[in-house]
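Heads up, the thing below is written out as structure tokens.
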Amino acid sequence: MSTFEQTGQRQRQGTRQGTPARTTRPGSDGEHLVQQRTGTTERADTFYAEQVLDRLNTRMREFVARQEMFFLATADGDGECDNTFRAGPPGFLHVLDDRTLAYPEYRGNGVQASLGNIEENPHVGILMVDFLRDRIGLHVNGRARIVADADMRRAHAGLAIDPVPGRRAQAWVEIAVEEAYIHCAKHIPHLQKVPPRGPGRAWGTDDHRRKGGDFFGAAAEAPERGPYLPPPRADAATWRAEAEKALEKAERRAAEAESEEQAFGGWFNRGASV
């Protein structure tokens, strides 16, 4: 019996026990095509059936609650991608419930690349990797929205205010979980923490040297690239009009996506075959 047939048999048995069968394959059409091309469809179906959840189970929630960092992938409305890193004290990525995560945005370089992408395109991907203890990873994919600090605290009164000034939330990103699955251990290096040295991490600092200085020499090469002359800033009224247009466009895209996907809440809840 093939893996796919075994999976189907388990699904049918689950249906007899009152659990609905899952008939939709998660993932993109592109990954399904490459699976067929490379002969990995059965392996992928086993992974989908056994490892891909549409919520965070107990072990996943415990894992998230002790992480001090994660990698965040976003893309703008045209699909141009950005990948970045977020860090904080254990639990800074908050588990609000089994379908919702939230993390604070601290003071950064002012570019706001991730938040800007989320304004245009709510799809995000989070990767947490435990290099120190369990040497395992967790992927979480979902839809994000930006929430003001005051609004987040009104909705979740138990959120503590971080005593470190550089870790005060300037805004929050709330993520509705759509997929959660393991990142296997076999290629994750096992690292060790070293004792803190010097003054410690400079959360929220604008000090050029403590932020890393010109480590890659980009600033030193700036004269070779010619002067940077950004266009003049618009007056407040013009800026506000342009911002409203951008927000209206983002809201229209979000409404169209929700209509097309019928408020996608995870592949477990969809019945159409793929």
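- Rounding to the nearest 0.5 angstrom, the gap separating the CZ atom in Arg66 from the CG atom in Leu93 is 13.0 Å.
- Put simply, CG on Leu101 and CZ on Arg61 are 10.5 Å apart, with the number rounded to the nearest 0.5 Å.
- Here the CZ-CD1 distance, from Phe131 to Ile136, works out to 12.0 Å after rounding to the nearest 0.5 Å.
- For the pair Glu105/Tyr103, a side-chain contact is recorded, criterion being any heavy-atom separation below 4.5 Å from C-beta on.
- Linking ILVMFWY residues whenever their side-chain heavy atoms come closer than 4.5 Å, directly or via other members, leaves Val140 and Val147 in distinct clusters.
- Annotation for His32 and Pro26: closest pair NE2-O, 2.7 Å, computed over non-hydrogen atoms.
- When atom types are taken as modelled, the side chain of Arg143 and the backbone of Ala176 share no donor-acceptor pair closer than 3.5 angstrom.
- With sequence neighbours left out, His156 forms a ring pair (Phe, Tyr, Trp, His ring centres under 6.0 Å) with no residue at all.
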Is there a side-chain contact (heavy atoms from CB on, under 4.5 Å) between Arg153 and Ile161 once you walk through the steps? CA-CA 10 Å; Arg153 294 187 184 282; Ile161 296 177; 3.8 Å; yes
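- No more than 12 heavy atoms of other residues, nucleotides or ligands sit less than 6.0 Å from atom CZ of Arg59.
- Under the 4.5 Å side-chain heavy-atom criterion for grouping Ile, Leu, Val, Met, Phe, Trp and Tyr, Phe85 is connected to Leu191 within one hydrophobic cluster.
- Within a 6.0 Å sphere centred on CZ of Arg167, other residues, nucleotides and ligands contribute more than 12 heavy atoms.
- Met60 places a side-chain heavy atom less than 4.5 Å from the side chain of Leu138.
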Would you mind writing out the side-chain donor-acceptor pairs for residues 110-119 within the sub-3.5 Å range, not counting sequence neighbours?
residue: Asn117; atom: ND2; partner: Thr74; partner atom: OG1; Å: 2.9

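- Taken together through direct or relayed side-chain contacts under 4.5 Å among Ile, Leu, Val, Met, Phe, Trp and Tyr, Phe92 and Met152 form parts of separate hydrophobic clusters.
- Val177 places none of its side-chain heavy atoms less than 4.5 Å from the side chain of Arg55.
- Going from atom NE2 of His139 over to atom CD1 of Ile126 covers 12.0 Å, rounded to the nearest 0.5 Å.
- When atom types are taken as modelled, the side chain of Arg145 and the backbone of Glu174 share no donor-acceptor pair closer than 3.5 angstrom.
- Taking every heavy atom of both residues into account, Tyr48 and Arg25 meet most closely at CE1-NH2, 3.8 Å.
- A pairwise comparison of heavy atoms in His190 and Leu132 identifies NE2-O, 2.9 Å as the closest pair.
- Of the possible donor and acceptor atoms, one in the side chain of Asp76 sits under 3.5 Å from a partner among the backbone N and O of Asp78.
- Going from atom CD of Glu62 over to atom CG of Leu56 covers 11.5 Å, rounded to the nearest 0.5 Å.
- Note: the hydrophobic cluster containing Leu127 does not contain Tyr181 (ILVMFWY, side chain heavy atoms under 4.5 Å, direct or indirect links).
- When all heavy atoms of His94 and Trp172 are compared, the closest pair comes out as CD2-CZ3, 3.6 Å.
- Closest approach of Ala75 to Asn121, counting heavy atoms only: O-CB, 3.1 Å.
- Residues Phe71 and Val124 do not share a hydrophobic cluster, defined by chaining ILVMFWY side chains whose heavy atoms lie under 4.5 Å apart.
- The CE atom of Met69 lies 11.5 Å from the CE atom of Met128; values are rounded to the nearest 0.5 Å.
- The backbone N or O of Glu31 sits less than 3.5 Å from a side-chain atom of Ser28, completing a donor-acceptor pair.
- Asn83 approaches Ala73 most closely through the heavy-atom pair ND2-CB, 3.8 Å.
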